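Structure, as structure tokens:
Positions are given from 1, in the same order as the sequence printed here. Nothing here was measured: the structure is a model prediction, and the numbers come from that model.
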Amino acid sequence: ISSFSENLRLSDSFLFFYEDLFSVTEEANIGHIELSRDCDLVLVVPGTADLLSKMACGSANDLASTLLLATDKKILIAPSMNVNMWHNPATLRNVELLKSDGILFVGPEKGEMACGAYGLGRMSEPEDIISTAVELLRSGPLAGKTILVTSGPTIEYLDPIRFISNKSTGEQGRCIAESLSALGADVTFITGPTTLPFPLCRKKISVESGDQMFVAVKGNEPYDVAICVAAVSDWKATPISKEKIKKNKNESLSLKFSENEDILRYLSGSKKRPQLVIGFAAETDNLIDNAKKKLVEKGCDWIIANYVGLENGAMGSIENSISILKAGGIEEFHKRSKVEIGQILAQKITTEIT
């Protein structure tokens with residue numbers, strides 16, 4: 001049941017519309033029962049206060065409520081209603097009862113509503129609803145495996161308005177996360193600031209600085225696999241100026257920096273060490289030599305080396321060329337889309353750990 005079906009594009013899926021419980025052609029074959037069973041998941045979008053009440057009471061006086069009462073499949077509701085309706089004791093009782101019956105919910109969110117009110121009750125965005133639905137239907141060779149993917153740049157503040165960062169867009173990390181998730185993995189995706197939408201995966205976490213990313217990585221352990229794609233700044237200003245740094249014509253600017261936590265090295269040496277730890281080496285020169293050195297120094301299992309020079313580098317591009325370094329040797333993949341690179345790495349990880 002979906003009010004945003006025009007935005008739903010799933011391969012090998014077919015979309016039909018039904019609205020009449022007493023259709024002569026459909027009900028000759030008890031169509032509402034067949035409809036309730038011939039699916040993998042039932043989405044209730046939007047989940048109105050009235051429909052939640054019907055479900056909680058077991059009402060079956062129209063096609064939607066009858067289908068929901070007859071189905072033996074998982075039901076996912078995306079509530080959408082006025083803030084006062086959501087907080088009404090009757091609605092809250094109905095929600096708790098439905099949850100105790102095994103009904104699943106996504107949202108509601110806090111925000112502005114069509115009626116002009118603001119608060120909790122706004123329907124989750126279609127992308128978030130679809131992401132949740134995809135996760136519920138997830139299956140594949142990596143099912144049951146928890147995988148960390150760090151992605152994007154970090155920013156390190158110099159003062160309240162200035163910071164240092166890099167050109168990473170987060171596209172490669174996003175593609176890797178989606179490819180792993182498509183194979184059934186429970187992906188925890190931790191990203192620095194980017195303009196990209198989140199990948200379809202189980203958990204998405206946004207951070208800014210290297211310190212914040214390190215805390216998020218530690219806070220979500222353990223992992224079966226860790227893939228450190230993020231371009232984390234090696235350095236941070238110490239201390240961060242509490243006020244905007246002013247220009248002084250008579251003096252040069254002097255800043256002090258200290259090293260950020262090394263997330264890849266931490267994961268490689270952790271007591272909760274993942275079965276497979278993969279790092280990225282973004283290099284401007286001596287690609288393979290520098291990547292070999294990093295493989296030894298960080299103590300990880302694989303290093304994915306890629307060139308990030310100003311001309312034809314991977315950062316900011318939709319394409320990438322990589323070299324996979326591990327104990328068994330080097331494997332190279334030249335000039336592929338980042339989507340293809342994500343799929344290649346996902347398949348190789350699957351082979352390695354299953």
Working for salt bridge (charged side-chain N to carboxylate O under 4.0 Å, His left out), residues Asp186 and Lys145: CA-CA 6 Å; Asp186 286 337; Lys145 299 294 185 181; over 6 Å; no

Only one of Leu104, Leu76, Leu41, Leu43 passes side-chain contact (heavy atoms from CB on, under 4.5 Å) with Thr132, and that residue is Leu76

Min side-chain heavy-atom separation Lys348-Glu352 under 4.5 Å: no

Side-chain donor-acceptor pair present, Ser337, Glu340, cut-off under 3.5 Å: yes

To the closest 0.5 Å, what do you measure between CG (Leu51) and OG (Ser80)? 11.5 Å

Please determine which of Asp224, Val225, Ile147, Ile227 meets the side-chain contact (heavy atoms from CB on, under 4.5 Å) test together with Leu276. Val225

Quick one: do Lys335 and Glu319 satisfy salt bridge (charged side-chain N to carboxylate O under 4.0 Å, His left out)? Show the steps, please. CA-CA 6 Å; Lys335 203 82 171 189; Glu319 295 181 322; 3.7 Å; yes

Can you check salt bridge (charged side-chain N to carboxylate O under 4.0 Å, His left out) on Lys294 and Glu283, steps first, answer last? CA-CA 11 Å; Lys294 188 171 184 178; Glu283 303 291 345; 5.7 Å; no

Take Lys54 and Asp62 through the test salt bridge (charged side-chain N to carboxylate O under 4.0 Å, His left out) and record every step on the way to the result. CA-CA 10 Å; Lys54 287 181 177 181; Asp62 57 25; 2.8 Å; yes

CG (Leu255) and CG (Leu158) are apart, to the nearest 0.5 Å, by 6.0 Å

Value rounded to 0.5 Å, distance of CD1 in Ile245 from CD1 in Ile161: 9.0 Å

Lys/Arg cation over aromatic Phe105: Lys99, 6.0 Å, 45° cone: yes

Are Glu243 and Asp159 side-chain neighbours, meaning at least one heavy-atom pair lies under 4.5 Å? no

With Tyr223 as partner, the option from Leu148, Val149, Val277 fulfilling side-chain contact (heavy atoms from CB on, under 4.5 Å) is Leu148

Looking just at side-chain N and O atoms, do Ser53 and Asp50 make a donor-acceptor pair shorter than 3.5 Å? no

Side-chain contact, heavy-atom cut-off 4.5 Å: Met55 with Ser65? no

Same cluster for Val229 and Ile303 if Ile/Leu/Val/Met/Phe/Trp/Tyr side chains link at under 4.5 Å? no

Residue list, side-chain contact (heavy atoms from CB on, under 4.5 Å) with Thr191, at least two apart or on another chain: Ser151, Phe189, Thr194, Phe198, Ser206

For the residue pair Trp302 and Leu295, establish whether any side-chain heavy-atom pair is separated by less than 4.5 Å. no

Any donor-acceptor N or O pair under 3.5 Å, side chains Glu156, Asn260: yes

Run the side-chain hydrogen bond (donor to acceptor under 3.5 Å, both in side chains) check on Glu109 and Ser124 step by step: do they pass? CA-CA 6 Å; Glu109 312 300 333; Ser124 296; 2.7 Å; yes

Enclosure of Lys292 NZ (heavy-atom neighbours >12, cutoff 6.0 Å): no

Crowding at NZ, Lys74 (>12 non-hydrogen neighbours, <6.0 Å): no

